[in-house]
*Asks:* 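The structure under discussion is supplied below as structure tokens; questions concerning it will follow.
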There are 2 protein chains.
Amino acid sequence: MLKKKYTIADIAFMAGVSKGTVDRVIHKRGKVSKKAHEKITKILKEIDYQPNLVARNLKKNKIYRLLVLIPDPEKDAYWAPCVEGIETAAGEFQAFGVMIETFLFDPSATKSFISKSKEVLKNKPDGVVFVPLFYKEALTFVESCKKNNVTLATFNSYLSADNTRSFIGQDLHRSGRVAGKLMHMLLGNKKQAAVVHMDEAYKNAIHMQEKEKGFRDYFEGLKQGYDIVTHKVPHKDIKNVRKSVKDFLKDNPGISGIFVTTSKAYLLAEALPQTGPAVSVVGYDLIDKNIECLRSGSIDFLIHQNPKQQAYLGVSYLSEYFAFDKKIPDNKLLPIDIITSENYMHYLE
Amino acid sequence: MLKKKYTIADIAFMAGVSKGTVDRVIHKRGKVSKKAHEKITKILKEIDYQPNLVARNLKKNKIYRLLVLIPDPEKDAYWAPCVEGIETAAGEFQAFGVMIETFLFDPSATKSFISKSKEVLKNKPDGVVFVPLFYKEALTFVESCKKNNVTLATFNSYLSADNTRSFIGQDLHRSGRVAGKLMHMLLGNKKQAAVVHMDEAYKNAIHMQEKEKGFRDYFEGLKQGYDIVTHKVPHKDIKNVRKSVKDFLKDNPGISGIFVTTSKAYLLAEALPQTGPAVSVVGYDLIDKNIECLRSGSIDFLIHQNPKQQAYLGVSYLSEYFAFDKKIPDNKLLPIDIITSENYMHYLE
DNA sequence: TTGTAGGCGTTATCAT
DNA sequence: ATGATAACGCCTACAA
């Protein structure tokens, strides 16, 4: 019934050799006679030998140092769930000899990333999980890591020029299409909508463009003469959103729906006029203020990028690699979750 | 820097006792003097001792038998992803001494469940993950398992009378509300919608009722005079859906949206008249035929119950319990995923 | 080229 | 009540 798991000792006995020889065959270390090699390989195949990962790891007995480098949640609440995800993973893997530590950088300051990434390297990590927010600097960092034999995983932002590491994130173009689909439904028989980019000082530029492209592609595919206009709330105007939005709506009175390409949809929702025809809003990310707007009805849909899961998976992949020799998946695209006032709660954990 | 992990030997040395004594304290086996006990407990707290799970497991060296009992995907395609989820988990945990086997029953035949569940017990499992489709019979099975000291987890269907096992699934009432919200948006300024129950021969009765209740609750909360009618396609008419649906629409010409409470929305979508005013459809589950309808536009939204993840988690929870002594969560409500033609692909894995 | 011995951290047993 | 010791399966070092 419960067929006992074969051990190296079993195989050695069957082949009439010693454990050491079997081990040499398994690990292809050579120094084995042809005869013994053939015999052992045959047996290995026959019984479909699976090494006991637990025992293998017990012997290794090394503590791996896994460092995580992400934007500071204090500067942008979007990142707060990442910390949770990291801590969850840390709790799960510390028992398996993986020690995880988090470093935070200021997402609005490239310099902060540079200095923190140097600090990370100084700590001699075995692996690093990080968010490559700044393209050029991220590439430099990747190079340094390679030189130091540091295993890498990235999440949230895609570093297209380098495909040597694992990436966990979303298909942004596709998420723009999803926003398009939702907006399409919200518009009913109206035909005019807007894309609004509201970013902070740091560069989400590529992100926002990809999303807009997806959004527009969706409507173009419909071939029904939709009119999509783009508006960018300037960096410095982020404090004067109300005015910027009012002016924009005055200039484009026919707009019945707005797609905000960042997590700042709540700023826009708050700035919308209370009177006049309702304007539908689709935005990103389950931060508290956005959820409030979802509940009050001033935001219709949010797209969830699942930052917690992204961070959790990044850390888990590397941890499992260290602890259990598991292969690291190179690309993991998370689903594009659609959130309304009725289903947000289960995504908050 | 890398502060070494403390072992039982370290603690024994610090406390000036032997490893055996430390072990007795950790496992509360008694037979330890008050003095030694205090000293050791204090040290354990101070250093926040974390046992090495790998070593612990190595010592245990037992192969656990975990059996899974689910409906046969051949009889209902909804269950196919569960098999994948189970196989994924099986692959992950076999290296840790958990052997997983699946048993299938016919979801349309209570007898099949009874006989298969008996077969499962005959195999002397250490743990069982199963879908309690048939309420009474499931309770009986739970009792037998308890008697035989079999650890249990259930998924998909909630066994309210018994809260001694782990459950993974969805909040059905809430998912009805989500459907309500989506329908609300799809209706635009129309005011009449329908709930259609299309089940097969077996009893989804409780499921369908919960979903309908949530759906109606949502619209009642709006206080805007929506008119919701219910229609049930009789068991035997499942082959004559077209006629049943046509008659229903003829009797209720004002209906602009239909909520199908089972995975059979495609049957309804195919039966809708091609001419006349469009009817919006919201249904459940990412089975192939439903996805086809999503893509062609005859279904607007699907709610994803994530059967693969449900099965995967059920198996994982028990496996981790056996392999690593992890606590089993008692209740895991999965998010209610909203699916459109634009985002279904990432949910198929 | 091959075999043997010892150790990884935990736990169970047996003797003290 | 306590300590010494062997074992789990794998791997490495060293001896033959």
Side-chain angles (χ1 to χ4, degrees), chain A residues 2-41 43-44 47-64 93-98 322-325, chain B residues 2-41 43-44 47-64 94-98 322-326:
Chain A
L2 279 202
K3 61 172 185 281
K4 188 178 164 299
K5 255 191 153 181
Y6 290 100
T7 72
I8 287 190
D10 296 326
I11 295 162
F13 175 76
M14 289 190 264
V17 297
S18 78
K19 298 194 288 173
T21 309
V22 176
D23 184 71
R24 274 177 285 255
V25 171
I26 290 174
H27 293 287
K28 300 171 191 180
R29 294 195 227 281
K31 310 200 175 187
V32 179
S33 69
K34 218 183 259 177
K35 220 174 94 184
H37 189 278
E38 275 168 22
K39 203 167 190 176
I40 293 171
T41 329
I43 295 179
L44 286 176
I47 63 169
D48 183 31
Y49 171 70
Q50 302 285 358
N52 182 330
L53 294 190
V54 172
R56 178 174 287 177
N57 265 102
L58 174 61
K59 180 61 190 189
K60 276 216 295 243
N61 189 36
K62 171 170 163 48
I63 293 191
Y64 294 93
F93 288 100
Q94 60 130 319
F96 296 104
V98 183
F322 290 131
F324 307 128
D325 288 322
Chain B
L2 280 202
K3 61 172 186 283
K4 186 178 164 302
K5 256 193 150 181
Y6 289 101
T7 72
I8 288 192
D10 297 325
I11 296 160
F13 176 77
M14 289 189 263
V17 297
S18 78
K19 297 192 291 172
T21 308
V22 176
D23 183 69
R24 275 177 283 253
V25 171
I26 290 173
H27 293 286
K28 298 173 193 178
R29 296 196 226 279
K31 309 198 176 189
V32 179
S33 69
K34 218 180 264 177
K35 222 173 94 186
H37 190 279
E38 276 168 20
K39 203 167 190 175
I40 294 171
T41 330
I43 296 179
L44 286 176
I47 63 169
D48 183 29
Y49 169 70
Q50 303 286 356
N52 182 328
L53 296 190
V54 172
R56 175 174 289 175
N57 194 263
L58 174 62
K59 181 60 192 180
K60 275 214 297 240
N61 186 36
K62 174 170 160 44
I63 293 191
Y64 294 93
Q94 59 129 322
F96 296 103
V98 182
F322 290 131
F324 308 127
D325 287 324
K326 257 212 193 174

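Convention: sequence-line order gives letters A, B, ...; per-chain numbering from 1. For clarity, every value in this text was computed on a predicted model and none was experimentally measured. These values consider heavy atoms only, across backbone and side chains, with no hydrogens, waters or symmetry-generated copies.
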*Asks:* Any side-chain heavy atom of A:I11 sitting closer than 4.5 Å to one from A:L44?
*Replies:*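 They are in side-chain contact.
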*Asks:* Identify the pairs formed between an N or O of the protein and an N or O of nucleotides 14-16 of chain D at a distance under 3.5 Å, and give each distance.
*Replies:*
none

*Asks:* Might you point out which heavy atoms bring B:A12 and B:S18 nearest each other, and give the distance in Å?
*Replies:*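 Closest approach of B:A12 to B:S18: CB-C, 3.6 Å.
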*Asks:* Does anything in residues 29-41 of chain A come within less than 4.0 Å of DNA chain D? Heavy atoms only, and list the residues if so.
*Replies:*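 Under 4.0 Å from DNA chain D: A:R29.
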*Asks:* Could you give all pairs that pass the salt bridge (charged side-chain N to carboxylate O under 4.0 Å, His left out) test and reach residues 48-58 of chain A, with sequence neighbours left out?
*Replies:*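 Found none.
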*Asks:* For residues 24-38 of chain A, which side-chain donor-acceptor pairs fall under 3.5 Å, sequence neighbours excluded?
*Replies:*
unit_1 : atom_1 : unit_2 : atom_2 : d
A:R29  : NH2    : A:D23  : OD2    : 3.0
A:S33  : OG     : A:A36  : N      : 3.2
A:H37  : ND1    : A:T41  : OG1    : 3.3

*Asks:* Between the two end axes of the helix from C:dT1-D:dA16 to C:dT16-D:dA1, each built from 5 base pairs, what angle do you get to the nearest 10°?
*Replies:*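 Answer rounded to 10°: the end axes differ by 50°.
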*Asks:* Return the value, rounded to whole Å, for the distance between atom CD1 of B:I8 and atom C1' of C:dC8.
*Replies:*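 Taking CD1 of B:I8 and C1' of C:dC8, I get 13 Å after rounding.
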*Asks:* Whole Å only: how far is the NE2 atom of B:H27 from the C1' atom of C:dT13?
*Replies:*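 Spelled out: NE2 on B:H27 to C1' on C:dT13 is 15 Å.
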*Asks:* Run the side chain to side chain contact (heavy atoms under 4.5 Å, CB included) test against B:A323 and tell me which residues pass, sequence neighbours left out.
*Replies:*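 For B:A323 the side chain to side chain contact (heavy atoms under 4.5 Å, CB included) partners, ignoring immediate neighbours, are B:N57, B:F96, B:V98.
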*Asks:* Send over the distance from B:Y6 OH to C:dC8 P, rounded to a whole Å.
*Replies:*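 My rounded result for the distance is 17 Å.
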*Asks:* Could you grab the distance from atom CZ of A:F93 to atom CZ of A:F324, nearest 0.5 Å is fine?
*Replies:*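 The distance works out to 6.5 Å.
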*Asks:* Nearest whole Å is fine: how far is D:dC8 C1' from B:N52 CG?
*Replies:*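 It works out to 13 Å between those atoms.
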*Asks:* Would you call A:I8 and A:Y49 a side-chain contact if the rule is heavy atoms closer than 4.5 Å?
*Replies:*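 Of all side-chain heavy-atom pairs linking A:Y49 with A:I8, at least one is under 4.5 Å.
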*Asks:* Categorize A:D23 for me: base, sugar-phosphate, or nothing, with a 4.0 angstrom heavy-atom threshold over every strand shown.
*Replies:*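 Contact class for A:D23: base.
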*Asks:* Any residue in residues 14-22 of chain B with a heavy atom nearer than 4.0 angstrom to DNA chain C? Just list them by number, or reply none.
*Replies:*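 Only B:K19 qualify.
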*Asks:* For A:Y49, which contact category applies under a 4.0 Å heavy-atom criterion: base, sugar-phosphate, or nothing?
*Replies:*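 Sugar-phosphate contact only - A:Y49 comes under 4.0 Å of backbone atoms but never of a base.
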*Asks:* I need the CZ-P distance between B:F13 and C:dG9, as an integer number of Å.
*Replies:*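 That distance rounds to 16 Å.
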*Asks:* Report the distance from atom NZ of B:K28 to atom C1' of C:dA12, rounded to the nearest whole Å.
*Replies:*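 Computing the B:K28:NZ to C:dA12:C1' distance gives 20 Å.
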*Asks:* Under 4.0 angstrom, heavy atoms only, what part of the nucleic acid is B:L58 near: base, sugar-phosphate, or nothing?
*Replies:*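 Result for B:L58 = base.
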*Asks:* Quick one: OG1 on B:T7 to CD on B:Q50, what's the gap to the nearest 0.5 Å?
*Replies:*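 So the OG1 of B:T7 and the CD of B:Q50 are separated by 13.5 Å.
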